[in-house]
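Working notes for the structure below.
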Amino acid sequence: MFSKAYSAAVNGIDGMIVTVEADVSDGLPMFDLVGYLGSEVREARERVRISLKNSGYHLPPKRITVNLSPADIRKEGTAFDLPIAIAILTAFGYIPQENLAHTLFIGELSLNGDINKVNGVLPIVYTALKQGFTRCVIPAGNVKEGAVVQEMDVYGVSCLKEVIGYLNNDSILEPYFLDVDKLFSSHRDDEDIDFSDVTGQELAKRAIEVAASGMHNVLMVGPPGAGKTMLAKRIPTIMPELSFEESLEISKIYSVSGLLDNNQSLILKRPFRSPHHTITTAALTGGGRIPMPGEISLAHLGILFLDEFPEFNRNTIEILRQPLEENEITIARLQGTFRYPANCMLVAAMNPCSCGHYPDRNKCNCSPNQVKRYLGKISRPLLDRIDICIETLQVNYKELEEKKVSETSKDIRSRVMKAREVQMNRYCNEKFNYNSQLTPKSISKYCKLGKKEQILIEKAFTKMNLSARAYHRILKVARTIADLDSSEDISVKHLSEAICYRSLDKKYWEE
């Protein structure tokens, strides 16, 4: 007797359909699982056998062989328990094979027959829809997450008996409905932080507005207490609200990482990730025995804030070079290659020296060699990948007491959204959306300069000893500044402002 059920595995943040085949025949009673299985899947043999027994299904002494296909791709995790149990029951005749048509099963079984939640349900259900499946049977603990895919009938189940009764038409289950439109419409930006809270730092605010408009990477340098962290935490409040497609893309990453639950089926706000400087390389970029997304992927379409930038392990932050260029991270393992999106805006903050007060010699006691050694923790190649470098100066008492009314995040966001709309329209036929993603070839197309501008950038290139990458990044930032100014052409004032954002690294990191 032979049967077939369908499940899925997660590769990166995408699902992959797995066919679960069960064969029952005469011979020495055995229960074999094959198909290039990880340890968690091999352990499913005991979980399934005892779960079936405790659910009231005593299997005759037969030779049972279960194959998970394709057999050349390693299967990891516990989500295959339920489809293995269903395939075996179908092979023994407890469930008609035709009742499994166009149905995908996911779930981990407890020994008493309960079905536990698993990670990665959202990308699996999304893949099932693309592959032509019409219904998914998933753990009740994942049902809101799976129901985000509205075109799919998603059934949440809590025990094995419930699934069998539904498949045999002995009981009725209703697909779970999640009103995504209501979820978005009821979502309000209830943040209690706003850019109007920041006193002074007008130049830094302007630079951050430019950065948010074009998704440019930012480095803030200044003494302790100048407001670097305060500014960074408020950047998401000036970025546009997530679209459904963006929310789904981010939610898939969080689903794979096990960071979604029934109380939060979708990520509705742009991520803001702020890892401690003791973070490991694998935790920042992703990896592990079973590869998982790292902080740079969890910050996708949002902010990755690295405070105390030089205190991070140098090898750890140097690994950011490639993801910052390619907007994705690739992790190669023996069992396969995993790709995770990493299109985030890097915001780094640091002190100018160990004590934090350089170049104020009234407060700073660091020797020139100590300052140089501290700043040298940030390499030139990594600095070249940061578009905007700004200095945050100490706020004086008069500025604190003035209590001047500053622009709110809502005001700044309106300008950021207009600039992004210009970019979306301009790059509608391209594979990118933001000025920061311009390639050298597209820069010559979209960042054309007049004679005055060419003379200015040539002088800056020679005098500041810029690299080709830094030159291109100045043009990208100038393009964003022009978009904020609703200008079709990049003028001298736009280019001058962009050059200023590259002058700070020359002040501290002199050759």
Side-chain angles (χ1 to χ4, degrees), residues 2-11 14-22 44 48 51 55 66 68-69 75 77-91 93-109 113-181 183 244 248 251-252 255-256 260-262 265-266:
F2 175 81
S3 69
K4 184 184 295 185
Y6 293 96
S7 185
V10 177
N11 186 357
D14 297 315
M16 177 191 65
I17 302 301
V18 174
T19 303
V20 181
E21 302 170 323
V48 170
S51 180
S55 297
V66 176
L68 276 62
S69 175
K75 322 299 185 307
T78 58
F80 299 105
D81 292 6
L82 180 58
I84 289 173
I86 296 299
I88 292 172
L89 289 172
T90 304
Y94 288 106
I95 301 171
Q97 178 67 56
E98 58 270 16
N99 288 2
L100 307 185
H102 307 296
T103 305
L104 185 133
F105 299 90
I106 315 165
E108 175 190 327
L109 288 176
D114 289 343
I115 299 175
N116 301 326
K117 62 176 295 187
V118 295
N119 295 338
V121 166
L122 179 55
I124 286 173
V125 174
Y126 187 76
T127 299
L129 176 68
K130 298 299 182 183
Q131 295 291 329
F133 289 83
T134 57
R135 63 178 177 175
C136 287
V137 178
I138 65 176
N142 296 111
V143 68
K144 288 185 179 180
E145 178 185 340
V148 168
V149 185
Q150 294 182 299
E151 298 83 357
M152 176 72 74
D153 288 337
V154 177
Y155 298 85
V157 291
S158 56
C159 66
L160 185 57
K161 285 184 178 180
E162 188 178 3
V163 182
I164 298 168
Y166 168 67
L167 294 175
N168 286 326
N169 300 318
D170 295 332
S171 61
I172 297 175
L173 282 179
E174 293 293 333
Y176 188 88
F177 175 72
L178 180 69
D179 193 337
V180 176
D181 293 334
L183 199 64
F244 175 71
L248 185 62
S251 299
K252 286 164 67 176
S255 175
V256 171
L260 286 184
D261 54 37
N262 266 356
S265 54
L266 268 178

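Since the model is a prediction, treat every value here as computed from it, not as a measurement.
- When all heavy atoms of N168 and P96 are compared, the closest pair comes out as OD1-CD, 3.2 Å.
- Annotation: ring-ring contact (aromatic ring centres under 6.0 Å, His included) contacts involving residues 117-141, sequence neighbours excluded, comprise Y6-F133.
- With a 4.5 Å cut-off on side-chain heavy atoms, F80 and V18 count as touching.
- Taking each heavy atom of S7 and L104 in turn, the nearest pair found is O-CD1, 3.6 Å.
- Within the structure, salt bridge (charged side-chain N to carboxylate O under 4.0 Å, His left out) contacts touching residues 80-90 (residues at least two apart or in different chains) are R47-D81.
- Residues satisfying the side chain to side chain donor-acceptor pair (under 3.5 Å) criterion with T103, sequence neighbours excluded, are R135.
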S251/V148 under side chain to side chain contact (heavy atoms under 4.5 Å, CB included): CA gap, chis, key distance, verdict | CA-CA 10 Å; S251 299; V148 168; over 6 Å; no

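- Side-chain contact between I95 and I86 is present, with at least one heavy-atom pair separated by less than 4.5 Å.
- Taken from CD1 in I17 to NZ in K130, the straight-line distance is 13.0 Å, to the nearest 0.5 Å.
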Stepwise, does the side chain to side chain contact (heavy atoms under 4.5 Å, CB included) test hold for L82 with I106?
-> CA-CA 6 Å; L82 180 58; I106 315 165; over 6 Å; no

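- The side chain to side chain donor-acceptor pair (under 3.5 Å) test applied to D153 returns no partner, not counting sequence neighbours.
- Judged as a side chain to side chain donor-acceptor pair (under 3.5 Å), and not counting sequence neighbours, S69 has no contacts.
- In terms of the salt bridge (Lys or Arg N to Asp or Glu O under 4.0 Å) criterion, residue partners of K252 (sequence neighbours excluded) are, by chain and number, D14.
- T19 and K4 make their closest contact through CG2-CG, 3.4 Å (heavy atoms, listed as atom of the first residue, atom of the second, distance).
- For E162 against L173, the heavy-atom pair with the smallest separation is OE2-CD2, 3.4 Å.
- Heavy atoms from other residues, nucleotides or ligands lying under 6.0 Å from CD of E98 number more than 12.
- Counting only heavy atoms from C-beta outward, the side chains of V180 and F244 approach each other to under 4.5 Å.
- Atom SG of C159 and atom CG of N116 lie 11.5 Å apart (nearest 0.5 Å).
- Between K117 and L260 the shortest heavy-atom distance is NZ-O, 3.4 Å.
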Check step by step if side chain to side chain contact (heavy atoms under 4.5 Å, CB included) holds for V154 and V149.
-> CA-CA 9 Å; V154 177; V149 185; 5.8 Å; no

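- Considering every non-hydrogen atom in both L178 and Q150, the closest pair reads O-NE2, 3.4 Å.
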Dump the intermediate steps for side chain to side chain contact (heavy atoms under 4.5 Å, CB included) on L109 and I115, then the final yes or no.
-> CA-CA 5 Å; L109 288 176; I115 299 175; 3.9 Å; yes

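- At least one donor-acceptor pair closer than 3.5 Å links the side chain of T127 to the backbone N or O of P123.
- In this structure, the side chains of V163 and F105 come closer than 4.5 Å at one or more pairs of heavy atoms.
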